[in-house]
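Residues: numbered from 1 along the sequence shown. In each ligand, atom 1 is the first atom listed, and ligand 1 is the first ligand listed.
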Amino acid sequence: MSIVVQKYGGSSVADVGRIRQVADRVMRTKQAGHDVVVVVSAMGDTTDDLLALAKQVSPNPDRRELDMLLTAGERISMALLSMAIRDRGGDAISFTGSQSGIITNDRHVDARIIEVRPVRVQDELAKGRIVVIAGYQGVSYRREVTTLGRGGSDTTAVAMAAALGAEYCEICSDVDGVYTADPRVVPTARRIGTLSYEETQELAESGAKVLNAQAVEFAKEKGIAIFARATASALPGADASADGTVVRRHPPRQPGTVVGVASERDVIVLTAEAGPLGSGDVLALLDQHKVAGKQLHIAGDRLTLVVSRENLHAEAQMRAALADRFGARVRIADTLGAISVVGAGINASFDNVRRGSDALTASGAAIDGIATSSFRITWMIDRARLDDAVRLLHRSFLETLG
Ligand code: ADP
Ligand code: ASP
Ligand code: MG
């Protein structure tokens with residue numbers, strides 16, 4: 001029998017009524033003849049609420065203790081969903097990340113999965129049971145409880161799908177797929193039927209929340225097809241791209257085509273004139289504080305780095321340590337946001353960079369920096385202008401072509 005992994009996000013299990021609806025959808029999947037593994041997120045804003053609670057106790061909460069706290073959120077959902085399924089006559093059993101065999105490195109708050117040993121999950125499936133797993137969490141080789149970074153339930157689902165040899169992995173959410181931009185920001189955004197792993201990974205890394213970047217990386221590595229769908233949708237039919245998004249190996253589109261626009265608001269930009277100490281010392285200090293950066297650029301003694309606040313929970317401590325060690329040589333800008341356009345081969349010429357820059361400048365947005373990769377162009381601009389800029393670049397790259 002084919003195994004299907006389904007992940008339901010926080011909004012899909014936000015209250016008891018929604019948990020019951022998810023239970024119905026899981027039961028339908030089982031009745032269609034699949035072995036079903038379900039991965040759940042914490043209910044609604046539980047993770048944010050738990051983080052806010054931690055911040056009340058300490059402005060720089062300890063990372064290990066944060067993991068102990070945050071894993072509780074998904075544990076609540078898994079038990080409630082399992083009860084709801086049993087209430088419908090299904091035979092379900094819930095497991096924590098650790099019980100499901102999700103083994104991670106020993107980095108707290110944004111741990112990486114290094115191995116999945118799903119023995120207990122397989123045993124329960126063999127008994128005909130539906131297995132409900134708490135997303136976003138694992139256990140390290142040192143038997144410490146870890147979490148996988150914000151949005152990490154997607155990663156749990158894909159890693160589990162790979163370990164079980166699942167037919168596909170459904171990521172069910174409040175939106176019916178991956179759009180050309182966040183549909184909450186751009187009303188004219190369109191659902192994209194099929195995306196390649198690379199395109200999806202770049203969109204996720206640029207801030208498109210709908211899929212987690214590490215989850216896509218895993219799916220690519222293991223060749224797992226991801227179906228991004230609405231929780232309210234029917235089960236995927238013969239063509240899952242008709243009413244959702246399918247992420248899989250995909251023949252390249254016409255090179256240079258922009259597939260989507262994404263933005264990230266909650267970032268800080270660190271610049272350093274490292275001087276005699278050198279950039280390596282700045283990076284070593286950031287590592288000590290477990291700060292993960294993106295878009296590192298070093299030229300001579302000058303370093304710039306964009307840091308996402310997503311998994312940064314002791315910012316005050318990090319700032320104090322930087323100031324202590326480097327004084328005014330390290331500066332942190334806290335007014336910028338990143339806006340990106342994504343597509344294979346979009347930097348074959350400077351056409352797209354120029355086009356985006358011209359549009360942004362004409363709208364009055366000052367461009368503070370530009371970074372490119374083979375799949376992406378990112379502009380750093382005033383955070384307050386981000387949503388307008390997303391609508392603007394969506395218009396100029398995705399609505400006026402053809
Ligand atoms: P879940 O709790 O189910 O994991 P998330 O909040 O993490 O859901 O992700 C879904 C949200 O992502 C949507 O509500 C949507 O506003 C947002 N989003 C951002 N960019 C995109 C995009 N390109 N396509 C679809 N949704 C997007
Ligand atoms: N509950 C976690 C979060 O809010 C994990 C997830 O939802 O994927 O980030
Ligand atoms: Mg999510």
Side-chain angles (χ1 to χ4, degrees), residues 6-14 18 22 39-52 66-67 69-78 97 102 109-111 133-138 146-159 170-193 195 199-216 226 228-233 244-245 247 258-266 308-311 313 339-342 386-387 390-391 393-394 398:
Q6 298 178 329
K7 177 257 171 177
Y8 295 95
S11 54
S12 306
V13 292
R18 286 177 218 224
V22 167
V39 174
V40 278
S41 291
M43 296 170 73
D45 296 328
T46 300
T47 307
D48 288 331
D49 295 345
L50 290 174
L51 272 170
L66 266 181
D67 279 352
L69 178 71
L70 296 178
T71 46
E74 269 68 13
R75 200 165 167 143
I76 295 172
S77 313
M78 77 178 196
I102 306 272
V109 173
D110 54 0
I133 297 175
Y136 175 53
Q137 54 180 269
T146 52
T147 59
L148 307 177
R150 298 306 304 269
S153 297
D154 296 355
T155 318
T156 304
V158 173
E170 256 186 293
I171 304 285
C172 301
S173 183
D174 57 355
V175 58
D176 62 348
V178 182
Y179 276 63
T180 49
D182 186 342
R184 287 180 209 256
V185 176
V186 184
T188 49
R190 300 179 305 270
R191 181 173 51 78
I192 308 167
L195 275 170
E199 291 164 335
T200 316
Q201 205 176 332
E202 290 284 352
L203 278 172
E205 262 160 23
S206 312
K209 246 180 90 191
V210 59
L211 287 175
N212 174 287
Q214 209 190 116
V216 183
I226 299 181
R229 304 175 67 75
T231 297
S233 74
T245 297
V247 181
V258 170
V259 292
V261 185
S263 68
E264 194 172 3
R265 184 177 306 273
D266 226 0
S308 164
R309 279 211 169 96
E310 207 171 37
N311 296 308
H313 303 300
I339 173 164
S340 307
V341 296
V342 169
L386 266 187
D387 285 354
V390 169
R391 285 185 283 267
L393 292 195
H394 191 269
L398 286 139

| task | Check salt bridge (Lys or Arg N to Asp or Glu O under 4.0 Å) between Glu199 and all other residues, then give those that pass, not counting sequence neighbours. | result | Arg253
| request: Look at ligand 1 and say whether Pro183 reaches it with a heavy atom at a distance under 4.0 Å. | output: yes
| query | How far is atom 5 (P) of ligand 1 from its nearest protein heavy atom, and which residue and atom is that? | reply | Lys209 CE, 3.9 Å
| query | What protein heavy atom sits nearest atom 11 (C) of ligand 1, and how far away is it? | reply | Asp174 OD1, 4.0 Å
| message | Is it the case that the side chains of Ser233 and Asp176 hold a donor-acceptor pair, with the cut-off being a distance below 3.5 Å and no angle test? | response | no
| Between atom NE2 of His394 and atom OG of Ser263, what is the distance when rounded to the nearest 0.5 Å? | 12.0 Å
| By number and element, which atoms of ligand 1 are closer than 4.0 Å to a non-hydrogen atom of Gly177? | 24 (N), 25 (C)
| query | Do ligand 1 and Thr180 have nitrogen or oxygen atoms that lie under 3.5 Å from each other? | reply | no
| query | Relative to ligand 1, is Lys7 under 4.0 angstrom through side chain, backbone, both or neither, heavy atoms considered? | reply | side chain
Which N or O atoms of ligand 2 sit under 3.5 Å from a protein N or O, and how far apart is each pair?
unit_1, atom_1, unit_2, atom_2, d
ligand 2, 1 (N), Thr47, OG1, 2.8
ligand 2, 1 (N), Glu74, OE2, 2.7
ligand 2, 4 (O), Thr47, OG1, 3.4
ligand 2, 4 (O), Arg150, NH2, 2.9
ligand 2, 7 (O), Ser41, OG, 3.1
ligand 2, 8 (O), Gly152, N, 3.3
ligand 2, 8 (O), Ser153, N, 3.0
ligand 2, 8 (O), Ser153, OG, 3.2
ligand 2, 9 (O), Arg150, NE, 2.7
ligand 2, 9 (O), Gly151, N, 2.9

| request: Check the pair Val390, Asp182 against side chain to side chain contact (heavy atoms under 4.5 Å, CB included), reporting the backbone distance first and the verdict last. | output: CA-CA 9 Å; Val390 169; Asp182 186 342; over 6 Å; no
| Would you say Ser41 contacts ligand 1, with heavy atoms under 4.0 Å as the rule? | no
| said: Applying side chain to side chain donor-acceptor pair (under 3.5 Å), can you list everything that pairs with Gln214, at least two apart in sequence or on another chain? | reply: none
| Beyond-backbone contact of Glu310 with Asp266, side-chain heavy atoms, under 4.5 angstrom | no
| request: Could you find the nearest protein heavy atom to atom 26 (N) of ligand 1 and give me its residue, atom name and distance? | output: Val210 CB, 3.5 Å
| Quick one: CD on Gln137 to OG1 on Thr155, what's the gap to the nearest 0.5 Å? | 12.5 Å
| Would you say ligand 1 has an N or O under 3.5 Å from any N or O of Gly10? | yes
| field | Under 3.5 Å side-chain donor-acceptor pair for Asp67 and Thr147 | value | yes
| message | Give me the nearest non-hydrogen protein atom to atom 21 (C) of ligand 1 as residue plus atom name, then the distance to 0.1 Å. | response | Asp182 CA, 3.6 Å
| query | For ligand 1, which atoms sit closer than 4.0 Å to a heavy atom of Val178? | reply | 24 (N)
| request: Only heavy atoms count here, so choose which of Ser12, Gly9, Ser173 is nearest to atom 8 (O) of ligand 1. | output: Ser173
| query | Considering only the protein, which heavy-atom contact is closest to atom 24 (N) of ligand 1, and what is its distance? | reply | Tyr179 N, 2.9 Å
| query | Numbering the atoms of ligand 1 from 1, which are under 4.0 Å from a heavy atom of Val175? | reply | 13 (C), 25 (C), 26 (N)
| Backbone N/O of Ala189 and side chain of Thr180: donor-acceptor pair under 3.5 Å | no
| message | If we ignore hydrogens and angles and just use 3.5 Å, is the side chain of Arg150 paired with the main-chain N or O of Thr47 as donor and acceptor? | response | no
| task | Answer yes when Asp387 and Arg184 have at least one side-chain N-carboxylate O distance shorter than 4.0 Å, and no when they do not. | result | no
| Where on Ala262 is there a heavy atom closer than 4.0 Å to ligand 1, on the side chain, on the backbone, on both, or on neither? | neither
| query | For ligand 1, does Arg184 get within less than 4.0 Å through its side chain, its backbone, both, or neither, judged by non-hydrogen atoms? | reply | side chain
| Arg391: partners by salt bridge (Lys or Arg N to Asp or Glu O under 4.0 Å), with sequence neighbours left out | Asp388
| field | Qualifying residue, where the test is side chain to side chain contact (heavy atoms under 4.5 Å, CB included) with Lys7 and the options are Ser41, Ser12, Cys172 | value | Ser41
| query | To the nearest 0.5 Å, how far apart are CD1 in Ile171 and OG1 in Thr231? | reply | 10.5 Å
